[in-house]
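Both counts, for ligands and for their atoms, begin at 1 and track the order of listing.
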Amino acid sequence: MTTRSETQTTLTHLLTEIEHRNPAQPEFHQAAHEVLETLAPVVAARPEYAEPGLIERLVEPERQVIFRVPWQDDQGRVHVNRGFRVEFNSALGPYKGGLRFHPSVNLGVIKFLGFEQIFKNALTGLGIGGGKGGSDFDPHGRSDAEVMRFCQSFMTELYRHIGEHTDVPAGDIGVGGREIGYLFGQYRRITNRWEAGVLTGKGQGWGGSLIRPEATGYGNVLFAAAMMRERGEDLEGQTAVVSGSGNVAIYTIEKLAALGANAITCSDSSGYVVDEKGIDLDLLKQIKEVERGRVDAYAERRGASARFVAGGSVWDVPADLALPSATQNELNEADAETLIRNGVKAVSEGANMPTTPEAVHLLQKAGVAFGPGKAANAGGVAVSALEMAQNHARTAWTAQRVEEELAAIMTSIHSTCHDTAERYGAPGDYVTGANIAGFERVADAMLAQGVI
Ligand code: GLU
């Protein structure tokens, strides 16, 4: 029987090896660190997990595809972007995970997202493997016609790697209903198949699921509510700072309001808005979803209760809850100190890895309830799996049915993480609970399926 400290030494060696084998991929190193650092208790307790090669296989993607995406802008100029799809782990089901279109995308970013997705998807219990993809294409300021041409070129390569039983992409930053539509159209044209289950996040009239757009934000609020219940509180009357102003942020704000809490901020890369009366969702949706504008327009049109702060940190705004819903590493150590000083009770991650490791450590040490993204934001991919189920059965569920399923899934993820943390001697530590519970499911399937 190996001891915990021997196991920790082995895992630390493995992390050094990961850094050597994957140079210049800091986000992937960070994601691997975060998981491997918490696995010592489970690997020490269950000797089968110490089997040589198991964790080495887990940190190596099954397949990585990188391709050229040439496209022409409205003036006829040719642009060349890079496309990625990292098919990380399919022990539990077809690869599943979104596509991100953002200039910051590179292989290391897609690998970090794909790695996180393995554990997140395992936690849903819905039989989906982990993958992620995207491009360094920037859709901001591009016309619909340009976005369409880009999506068509991207799919002209991607189609050969995906399929309802193989790999099922969806949206992420920069990829919403419009992009999924263009991607689905091109897939259908190339393959001559009406294969609904090849992509999720589709429109409602053509295979999409009700509540899929809302699911990540709604799910995160349900997770935050479950963490608060553990502390003997509910969301009624609590104030919340939310970052971002995309799909996740918008539906986080909506669900907070539905449960009696008040979200007073949103943000984008130019700065943030504080609205003392609470964010007016109709106005925010009009600006972001219809006009595809920036958040400063919100402050201009909202009147006296709102102000726009250029630059700066949204985490400077005092509130009971913080729900980072923008992007990775957006909440650092200094931000965590400010939040703690301002009496924050819970931080729940709507984005993927938005809190730096140092900040997570500080928040946990200060007794703040912390919900890691791979548990807290799993509602989006969970409803994607429900979309796949509806597609397979050639049926469409009511919004009420999808919402009930989502709520049950989030409750179950919360209790799984909570109970697992307790079982492994880390009560209240949802990071450890999520990592170990996700790991157990994937590792058991990998061991059962042999060395592949
Ligand atoms: N991009 C989302 C995530 O980070 C959703 C992925 C999906 O629906 O496949 O989980």
*Under a 4.5 Å cut-off applied to non-hydrogen side-chain atoms, are E164 and H392 in contact?*
yes
*May I ask you to check whether K202 and S209 show a side-chain donor-acceptor distance below 3.5 Å?*
no
_Approximate separation, where rounding is to 0.5 Å, of M353 CE and Q30 CD_ = 3.5 Å
*Starting from the C-alpha separation in whole Å, work towards a yes-or-no answer on ring pair (Phe, Tyr, Trp, His ring centres under 6.0 Å) for F137 and F154.*
CA-CA 10 Å; F137 172 70; F154 185 86; 9.3 Å; no
*Specify the protein heavy atom at minimum distance from atom 6 (C) of ligand 1: its residue, its atom name, and the distance to 0.1 Å.*
G98 N, 3.6 Å
*Considering only non-hydrogen protein atoms, determine which one is nearest to atom 8 (O) of ligand 1 and report residue, atom name and distance to 0.1 Å.*
S384 OG, 2.6 Å
*Measure up the H418 and Y430 rings against each other and bin them: parallel (under 30°), tilted (30 to 60°), perpendicular (over 60°).*
tilted
*On the 0 to 90° scale, with breaks at 30° and 60°, tag the F119-F115 ring pair as parallel, tilted or perpendicular.*
perpendicular
*Could you tell me which atoms of ligand 1, counted from 1 in the order shown, lie closer than 4.0 angstrom to a heavy atom of N352?*
4 (O)
*Flag N377 as yes when one of its N or O atoms lies below 3.5 Å from any N or O atom of ligand 1, and as no otherwise.*
no
*Numbering as shown, the atoms of ligand 1 that approach A170 to under 4.0 Å (heavy-atom distance)*: 7 (C), 8 (O), 9 (O)
*May I ask you to list the atoms of ligand 1 that are less than 4.0 angstrom from any heavy atom of K132?*
1 (N), 3 (C), 4 (O)
_Looking at ligand 1, is there an atom of it that comes within less than 4.0 Å of some heavy atom belonging to K120?_
yes
_Side chain, backbone, both or neither: which applies to E116 and ligand 1 if a contact is any heavy-atom pair less than 4.0 Å apart?_
neither
*Is any side-chain N of the basic residue among K255 and E214 closer than 4.0 Å to the acidic one's carboxylate O?*
no
_Protein heavy-atom partner closest to atom 5 (C) of ligand 1 - residue, atom, separation in Å_ = R212 NH2, 3.4 Å
*Under 3.5 Å, N or O to N or O, is G171 touching ligand 1 that way?*
yes
_Does only the side chain of L113 get under 4.0 Å from ligand 1, or the backbone, or both, or neither? Count heavy atoms._
neither
*Number the atoms of ligand 1 from 1 as they appear, then name those within less than 4.0 Å of a heavy atom of G97, with their elements.*
9 (O)
*Is a side-chain donor-acceptor pair under 3.5 Å present for Q152 with Y182?*
no
*atom 9 (O) of ligand 1: nearest protein contact (heavy atom, Å)*: K96 NZ, 2.7 Å
*Could you list the residues that satisfy ring-ring contact (aromatic ring centres under 6.0 Å, His included) with H79, not counting sequence neighbours?*
W71
*Check if R100 has a non-hydrogen atom at a distance under 4.0 Å from any atom of ligand 1.*
no
